[in-house]
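What follows is a short report on a single structure.
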Amino acid sequence: MLETSPVGVEYSLTPLGESFREPFTRLYEWALAHSDEIQEFQRAFDARNTREISAN
């Protein structure tokens with residue numbers, strides 16, 4: 001191992017973490033494909049909550 005300044009750290013996934021790579025990638029790709037719809041729903045949710053908070 002080479003010494004570095006500052007001390008270097010190397011991370012890696014455990015086998016359990018590796019088993020999550022494929023489903024996470026699918027979820028990420030789904031979120032990208034539906035990002036416009038997701039943002040629309042977020043804006044609508046925020047607008048409703050802003051009105052409700054203002055009314056109280």
Side-chain angles (χ1 to χ4, degrees):
M1 181 173 189
L2 296 173
E3 290 190 32
T4 60
S5 180
V7 175
V9 178
E10 186 175 319
Y11 296 95
S12 63
L13 290 174
T14 64
L16 182 60
E18 277 294 336
S19 73
F20 189 61
R21 185 182 298 269
E22 184 179 344
F24 179 80
T25 299
R26 287 184 183 175
L27 175 61
Y28 175 75
E29 290 169 351
W30 177 90
L32 286 178
H34 295 89
S35 63
D36 290 341
E37 294 168 83
I38 294 167
Q39 289 177 357
E40 285 178 36
F41 284 116
Q42 286 175 330
R43 283 191 288 274
F45 177 83
D46 290 343
R48 282 192 312 272
N49 284 337
T50 300
R51 285 193 305 267
E52 290 174 10
I53 291 171
S54 297
N56 292 328

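Side-chain contact check for I38 versus W30: some heavy-atom pair is nearer than 4.5 Å. Residues Y28 and L32 meet the side-chain proximity criterion, which asks for heavy atoms closer than 4.5 Å.
Judged as a side chain to side chain donor-acceptor pair (under 3.5 Å), and not counting sequence neighbours, the contacts of E22 are R26.
Checking each of R43, R48, Q42 against F45 for a side chain to side chain contact (heavy atoms under 4.5 Å, CB included) leaves exactly one that passes, namely R48.
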- Message: Assess the residue pair R21 and E18 against the criterion (salt bridge (charged side-chain N to carboxylate O under 4.0 Å, His left out)); give the C-alpha distance rounded to whole Å, side-chain angles, the decisive distance to 0.1 Å, and a yes or no.
- Response: CA-CA 5 Å; R21 185 182 298 269; E18 277 294 336; 2.9 Å; yes

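Residue-environment remark: CG (L13) exceeds the threshold of 12 foreign heavy atoms within 6.0 Å.
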